[in-house]
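Here the structure comes first, spelled out in structure tokens, and everything after it is commentary.
So you know, we letter chains A, B, ... as the sequences are listed, proteins then strands, and number each from 1. All values reported here derive from a predicted model rather than from experimental measurement.
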Amino acid sequence: MSAPDVVITLPDGAQKSVPAGTTVAEFVRTHIGAGLAKAALFARVDGVDVDLARPLDRSAQLAIFTAKNPESLELIRHDAAHVVASVVQRLFPGTQVTIGPSTDDGFYYDFARDKPFTPEDLELIERAANEEIKADRPFVRKEVTKDEALALFGGLGEKFKLEIIEDIFAKGATTLTLYSHGEWTDFCLGPHGPSTARVGVIKLLSVAGAYWRGDHRNAQLQRIYGTAFHTQKDLDAWVHQQEEARKRDHRKLGKELDLFAFHPAAPGAVFWTAHGTMIFTTLQYAMRRMCLANGYVEIKTPLLFNKMLWEKSGHWGKYRENMFLILDPEADPKLPEEERASFSLKPMNCPSHHLFFEMKRRSYRELPLRLHTQDVLHRNEATGVLSGLTRVRQFQQDDAHIYLMESQITDEVKRLTQLIAKVYQAFGLQFTAKFATRPENKLGDDALWDKAEAALKAALEETGLAYELKPGDGAFYGPKIDFDVADSIGRKWQLGTIQLDYLAPERFNLGYIGPDNAEHRPVVIHRAIYGSFERFIGILIEHFAGNFPVWLAPVQARLLPVAERHHAWAEEVQAKMLAAGLRVEIDRSHGKLGAMIRDAQLAKIPYALVVGDKEVEAGGVSPRKHGTGKEADLGLLALDAFLAQIGREAEIPY
RNA sequence: GCUGGCGUAGCUCAACCGGUAGAGCACCUGACUUGUAAUCAGGAGGUCGCGGGUUCGAGUCCCACCGCCAGCUCCA
């Protein structure tokens, strides 16, 4: 009895009729062509990714993916994770497998093994994995029942797999999909490529600890990171690109350009050099100016507070681990530290702003009251998370707390997102927005959270900004919108944030007198645009690769006198530029011009100004823009003309 | 905090199987007075992260601590 026909629609609209049950591979071979049949890696049937061996059992839209489609990288990396896990279990018997997904630019696989994998082990595994690829073993798909799955992985002694199987069936699955290549079997949703040979080439990158199910109370596993590409050439190109990205690393550039330093005596706290400080204070000034232009006032509050404040704000209960405590010398040394503590350095500005708000009677006419602060904060971060400027223990935020009426929330959030977008665009930074809801470790009842989340979400949607949902990622006092920017090696960092807080006004018993002459409770928005100056500068260093725009460059121009007789004119030019508020220095070394140019280039100074006989005679300078090639040399310019040009570039763009 | 790796001159990096710590750049001195990415010569610079141990002898091997790097947990 022949199967009924099904109609397959291709992306170009063409339709083919084939007997139901024809596999995708057969279909491609007979109805499209041998070339594509050979190149195909997986298929998409009605939007669902499937293996080529899948039968077409109903009429559907069909698209075929090959190595030319970017989507296929994710597939071969998932294949690669299976290949790596199979050779690890062969080379290191007794190792248990857990999970192994693909990531943005590779994959990882988490293993449970008593002994750590050494770098030498990784080499061994990588070699064996690439041999497994060459062995060209087909990926075979099979569906089994829960009992079959439990029997299979139970027989192999895979405890973690058994746990996952229980979960999958508890969530309502009726079967489990197995994928085997050679003797080795794992389960996953798939799809996989036709065979291991199609993976291309695998490179293992590192081994690191990871917790089972991401919970630090669970067993620690060993995570092997790797990546895979269709060809060695693609892999080489990626490796080269990674090396280039590492040259932008702010920790490296910070040293080379002499912007900041760290000392073991103060881990996680920055020493800013004269150059770094210039960037820092320029950003501070720019933000102050913008805040003043947008209805904020700047205030300063104490750094050190009695713990009574933190008890009131809730930080004592929810955030104490991250706070630097000052112990009372009189207290009984046998008591635990938190009981001996009398004061703490502030980890956030909000509680002190709330105190400031309640220091006097407030009127509805003052709202929204926007308090801006750039005070120093301290957070006792775990040693392992410190990282250059992006994660520190002492930092300053461009922080603000906005006290307003509920009816003003939408408008204020819209204004804020516009402000944030404006600042990021001035730097050319690409950002993504995330909406984070109540965390497990939260303060306040669900009714308050429902209200805060709904209000913030409604305001966010009014702005029309695309956003990602992050359930459980909110602050302990309220939901938030975070703005993330990626660093040079693709790690995402949170910079700006908008947080809605109904709770603090309750805890601090904040009130304002409304038009009805009655007392009302305000709402608070916590917000930062740069996030922290430290992290923001770290991101900027990488974003610009150290080539700061003129307005932000620590040194905006360097004068290069060709010979000693030109120093007098160089000094005159410098005096004029300094008077115009520009940052300019003179190279007094006795090098050749070529050497001075090279030094200025390496220091990434926006303008090198050559002054020699011609310039002295003409009363001008010959600027050379930072960069390479002939176009960098701007030729002889009258001093006024150059001052006008650099003056425009020195203006703050927001 | 956890897992793994690393720590030699201001910077970048050498130093074999345990046997007297070295280079380039930067710095200082002198000569050169220079036109768009490196002038030449000389000099100075080290508690090999810190502390213990093994050894006739430790930068090298072992232990503990500090810091840094990657990842995890956590976060601006």
Has the side chain of A/Q222 got a donor or acceptor atom sitting under 3.5 Å from an opposite partner on the base of B/U3?
no
d(A/T390 OG1, A/I537 CD1) to nearest 0.5 Å is 12.5 Å
On a plain distance test, is the side chain of A/Y211 in donor-acceptor contact with the base of B/G71 below 3.5 Å?
no
Regarding the side chain of A/A208, the nearest nucleotide among B/A76, B/A70, B/G35 is B/A70
Single hit among A/Q645, A/H626, A/Q556 for side chain to side chain donor-acceptor pair (under 3.5 Å) with A/Y607
A/Q645
cation_pi(A/R535, A/F533) dist<6.0 Å, angle<=45
no
Is it possible for you to check whether A/R223 lies under 6.0 Å from the centre of the six-membered ring of A/Y108, through NZ or CZ, and within 45° of that ring's axis?
yes
Does A/R213 contact B/C72 through a side-chain donor or acceptor facing the base, at a distance under 3.5 Å?
no
Against the side chain of A/P264, the closest entry in B/A76, B/G67, B/A70 is B/G67
In whole Å, measure the gap between the P atoms of B/C6 and B/C13 for me.
15 Å
Of B/C68, B/A76, B/U36, the nucleotide closest to the side chain of A/V392 is B/A76
Suppose we call a contact any N or O donor and acceptor under 3.5 Å apart; does that hold for the side chain of A/E381 and the base of B/G1?
no
Residue A/P116, side-chain atoms from C-beta onward, closest of B/G4, B/G35, B/G71:
B/G4
For B/A70, does the base pair up with any side-chain atom of A/S206 as donor and acceptor (N or O, under 3.5 Å, distance only)?
no
Under a 3.5 Å cutoff, is there a donor and acceptor pairing between the side chains of A/H566 and A/D613?
yes
Assigned glycosidic conformation for B/C17 [threshold 90° from 0]
syn
On the side chain of A/Q494, is there an atom forming a donor-acceptor pair with the base of B/A76 - under 3.5 Å, no angle test?
no
Any idea which of B/U73, B/A76, B/A70 is nearest the A/H216 side chain?
B/U73
Side chain of A/K592 only, please: which of B/G35, B/U39, B/C68 is the nearest?
B/U39
